[in-house]
Engineer: 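Below you will find the structure I want to go over with you.
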Amino acid sequence: MTYDALIVGGGPAGLSAALSLGLARKRVLVCDAGPPRNAAAVHLHNFVTRDGIAPSDFRRIGREQLAAYPTVEVRDARVGAITGSRGAFAAEVGGDSVTARRILLATGMIDGTLPIEGFTELWGRAIFQCPYCHGWEVRDRAWGFLASADHAEMLTHFALLARGWTRDLTVFTGGAVEVDEASQATLAKAGVRLETARVARLLSERGALSAVELEGGARVKCEALFAHPPQRQVDVVRALGVALDEHGLIAIDPMRRETSIPGIFAAGDSTTRMQGAIFGAAGGTHAAAMLNAELTAELATSGQL
Ligand SMILES: Cc1cc2nc3c(=O)[nH]c(=O)nc-3n(C[C@H](O)[C@H](O)[C@H](O)COP(=O)(O)OP(=O)(O)OC[C@H]3O[C@@H](n4cnc5c(N)ncnc54)[C@H](O)[C@@H]3O)c2cc1C
C-alpha cells in the first residue's frame, strides 16, 4: 500500500498537517521518534485554547483528534533514509520500508547548547528562547539576555522587547558581539544594563537560576535567562540535501511550501525563525493544503480517485 503522504515529525506542524490531510481523506502516515523540541518545558503558552498546557498533553490531544480519521496512521518510529522521487518515495520507518507519493518534513530543529557551566541543566527551566512562551511566570524578575554573534542583529530588538516584561534586564555579550554606540545609547535610554565580560558560569539554588557569574568573579543577579543557542537540522533533512537558506532553515516557496526537491514539502521550526507552536501548526496546515491541492488534482485527472 502506498501512502498519499508520509509526514516526518509529530509535533505541532506534523499533527496539524495530518489533521488537514485526514479531513481531505488522504492516506497519511505520521512518524515521530521524539523527543520534541520543547521537551524540557513544563508548559506551553501562546496557543489559543491550549494556553498553559503540558507539551505532552498537547501532543496527546492532537493524536486523539486524529484518531477520528481512519486514513491517518500515527507511529512512534524514526524515519531513516528517504529515496525515490515525486509520486514514488520510499522511506525506512523503524525496521520497515514504506512508500509514499509525497513527503512532508515537520522535523523541528535540534537546539545546541552553549559551553557555559550550568547551561544544559537550566535549559527550558530557567533559560528560554521566547518571552511570549515563558515570560509571564517570571515577569518583573531579574532577567538576562545572552546575546550571540549569530543573532547580533537581534540584540537591541530583543532587549527592547524584553523590557515589556521586566525593568530589570541585563544584556550579556560575553565579548562576542560588538555593540555600537547608537545601540548602547538606545539600551541605556531603556534602562538596560550591558555586561561585556565573558560569562563564566550560571549559579542556581535548588534548581532555580540565581545569578550569572562573569569572568573575574563578579555576579549579576539573574532569575531568567533568554538565549538562542545554535540550531541544526535533523539527520534525515541533511541527508536528503534539500536546499537550506542562509540561516540553515529549509528553503520553501512561500506559497507552495514545497522544498527544492519536487514532492517534498516542509513546515514548522525547520523552515522559519518565527518558532512557536502556533506558527508550526499554521505552517503544517498551509503545507498540507498545498500538498493536497496538487496531489488531488493529479489523482483526479489520472483516474486514481
Ligand atoms: C524549551 C522550549 C520551550 C518552548 N516553549 C514554547 C511555548 O511555550 N509556546 C510555543 O508556542 N512554543 C514554544 N517553544 C517552541 C516550540 O516547541 C516549537 O516552535 C514547536 O514545537 C515547533 O513545532 P514543530 O512541529 O516544527 O517541531 P517539534 O515540536 O520539534 O516536532 C518535531 C518532531 O519531529 C521528530 N523527528 C525529527 N526527526 C525525525 C525522524 N527522522 N523521524 C521521526 N521523527 C522525527 C522530533 O523528534 C520531534 O518530535 C519552545 C521551545 C523550546 C526549546
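Note that ligands are numbered from 1 as they come in the structure, with each ligand's atoms numbered from 1 the same way.
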Engineer: Check each heavy atom of S270 against ligand 1 and say whether those closer than 4.0 Å belong to the side chain, the backbone, both or neither.
Structural biologist: neither
Engineer: With respect to D111, determine whether any N or O atom, backbone or side chain, lies less than 3.5 Å from an N or O atom of ligand 1.
Structural biologist: no
Engineer: Is there a donor-acceptor pair under 3.5 Å between the side chain of W143 and the backbone N or O of V138?
Structural biologist: yes
Engineer: Answer with yes or no whether H134 contacts ligand 1, where contact means a heavy atom under 4.0 Å from a ligand atom.
Structural biologist: yes
Engineer: Considering only protein heavy atoms, which is closest to atom 8 (O) of ligand 1, and at what distance to one decimal place?
Structural biologist: H45 N, 2.9 Å
Engineer: Does E178 have more than 12 heavy atoms from other residues, nucleotides or ligands lying within 6.0 Å of its CD?
Structural biologist: no
Engineer: Is the closest N or O pair between W123 and ligand 1 shorter than 3.5 Å?
Structural biologist: no
Engineer: Based purely on interatomic distance, does A41 place a nitrogen or oxygen under 3.5 Å from a nitrogen or oxygen of ligand 1?
Structural biologist: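 In this structure, A41 places no N or O atom under 3.5 Å from an N or O of ligand 1.
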Engineer: Answer yes or no: does atom CD of E181 have more than 12 heavy-atom neighbours from other residues, nucleotides or ligands under 6.0 Å?
Structural biologist: no
Engineer: Would you say ligand 1 has an N or O under 3.5 Å from any N or O of V234?
Structural biologist: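 No.
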Engineer: If we set the cut-off at 4.0 Å for heavy atoms, which region of D235 has an atom near ligand 1: side chain, backbone, both, or neither?
Structural biologist: neither
Engineer: Is there a polar contact between ligand 1 and V79, counting only N or O atoms under 3.5 Å apart?
Structural biologist: yes
Engineer: Among side-chain atoms of H45 and E137, is any donor-acceptor pair under 3.5 angstrom?
Structural biologist: yes
Engineer: Just to be sure I read this right, does ligand 1 sit under 4.0 Å from the backbone of L15, its side chain, both, or neither, counting only heavy atoms?
Structural biologist: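 No part of L15 is near ligand 1 at this cut-off.
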Engineer: Any heavy atom of A77 sitting closer than 4.0 Å to ligand 1?
Structural biologist: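 A77: in contact with ligand 1 (<4.0 Å).
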Engineer: May I ask whether P12 places a heavy atom under 4.0 Å from ligand 1?
Structural biologist: yes
Engineer: Return a yes/no value for A33: is any of its N or O atoms, backbone included, closer than 3.5 angstrom to an N or O of ligand 1?
Structural biologist: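 A33 vs ligand 1: N/O contact under 3.5 Å present.
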Engineer: Under 4.0 angstrom from ligand 1, any heavy atom of A40?
Structural biologist: no
Engineer: Judging by distance only, is a nitrogen or oxygen of I278 under 3.5 angstrom from one on ligand 1?
Structural biologist: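 No; the residue has no nitrogen or oxygen that sits under 3.5 Å from a nitrogen or oxygen of the ligand.
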Engineer: Closest non-hydrogen protein atom to atom 6 (C) of ligand 1, residue and atom name please, with distance?
Structural biologist: C133 SG, 3.4 Å
Engineer: For the aromatic rings, using the six-membered ring if either is Trp, is the centroid distance between F47 and F58 under 6.0 Å?
Structural biologist: yes
Engineer: Only heavy atoms count here, so choose which of I82, T107, L105 is nearest to atom 36 (N) of ligand 1.
Structural biologist: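 Answer by nearest heavy atom: T107.
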Engineer: Would you check if there is a donor-acceptor pair between the side chains of R60 and Q65 at a distance under 3.5 Å?
Structural biologist: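 Distance-only check fails for Q65 and R60.
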Engineer: Is there a donor-acceptor contact under 3.5 Å linking the side chains of T156 and T186?
Structural biologist: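 Absent: no donor and acceptor within the cut-off.
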Engineer: Check this for me, if you would: do E298 and R86 make a salt bridge, where the nitrogen-to-carboxylate-oxygen distance has to be below 4.0 angstrom?
Structural biologist: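 Yes, charged N to carboxylate O under 4.0 Å.
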Engineer: Verify the neighbour count for atom CD of E64: are there more than 12 heavy atoms of other residues, nucleotides or ligands below 6.0 Å?
Structural biologist: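 Yes, because the 6.0 Å sphere around CD of E64 holds more than 12 heavy atoms from other groups.
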Engineer: Can you tell me which residue and heavy atom of the protein come closest to atom 1 (C) of ligand 1, and the distance to 0.1 Å?
Structural biologist: G124 CA, 3.8 Å
Engineer: Among A13, A277, G52, S16, which residue places a heavy atom closest to atom 16 (C) of ligand 1?
Structural biologist: A277
Engineer: Please tell me whether F226 and W165 form a close aromatic pair, meaning their ring centres lie under 6.0 Å apart.
Structural biologist: no
Engineer: For ligand 1, which is the ligand I care about here, please tell me if N46 has any N or O atom under 3.5 Å from one of the ligand's N or O atoms.
Structural biologist: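 No, since none of the N or O atoms of N46 sits under 3.5 Å from an N or O of ligand 1.
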Engineer: Can any side-chain N or O of S16 pair as donor or acceptor with the backbone N or O of P12 at less than 3.5 Å?
Structural biologist: yes
Engineer: Counting only nitrogen or oxygen atoms and a 3.5 angstrom limit, does A267 reach ligand 1?
Structural biologist: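 No, since none of the N or O atoms of A267 sits under 3.5 Å from an N or O of ligand 1.
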Engineer: Heavy atom under 4.0 Å from ligand 1: found in Q233's side chain, backbone, both, or neither?
Structural biologist: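 Contact part for Q233 vs ligand 1: neither.
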Engineer: Tell me, which protein residue and heavy-atom name are nearest atom 19 (O) of ligand 1, and how many Å apart are they?
Structural biologist: D269 OD1, 2.8 Å
Engineer: How would you list all residue pairs meeting salt bridge (charged side-chain N to carboxylate O under 4.0 Å, His left out) that involve residues 164-176, not counting sequence neighbours?
Structural biologist: D168-R193
Engineer: Atom 50 (C) of ligand 1: which of R37, Q129, R59 has the nearest heavy atom?
Structural biologist: Q129
Engineer: Pair up each side-chain donor or acceptor in residues 24-37 with any protein partner under 3.5 Å, not counting sequence neighbours, and list the distances.
Structural biologist:
| unit_1 | atom_1 | unit_2 | atom_2 | d |
| --- | --- | --- | --- | --- |
| K26 | NZ | A24 | O | 3.4 |
| K26 | NZ | N292 | OD1 | 3.0 |
| K26 | NZ | T296 | OG1 | 3.0 |
| D32 | OD1 | G10 | N | 2.7 |
| D32 | OD1 | R59 | NH1 | 3.4 |
| D32 | OD2 | G34 | N | 3.0 |
| D32 | OD2 | R59 | NH1 | 3.2 |
| R37 | NE | D111 | OD1 | 3.4 |
| R37 | NE | D111 | OD2 | 2.7 |
| R37 | NH1 | D269 | OD2 | 2.8 |
| R37 | NH1 | Q275 | OE1 | 3.2 |
| R37 | NH2 | D111 | OD1 | 3.2 |
| R37 | NH2 | D111 | OD2 | 3.4 |
| R37 | NH2 | Q129 | OE1 | 3.0 |

Engineer: Taking NZ, NE, NH1 and NH2 as the nitrogens, is one of them in E294 or R102 under 4.0 Å from a carboxylate oxygen of the other?
Structural biologist: yes
Engineer: Answer with side chain, backbone, both or neither: which part of D32 has a heavy atom less than 4.0 angstrom from an atom of ligand 1?
Structural biologist: both
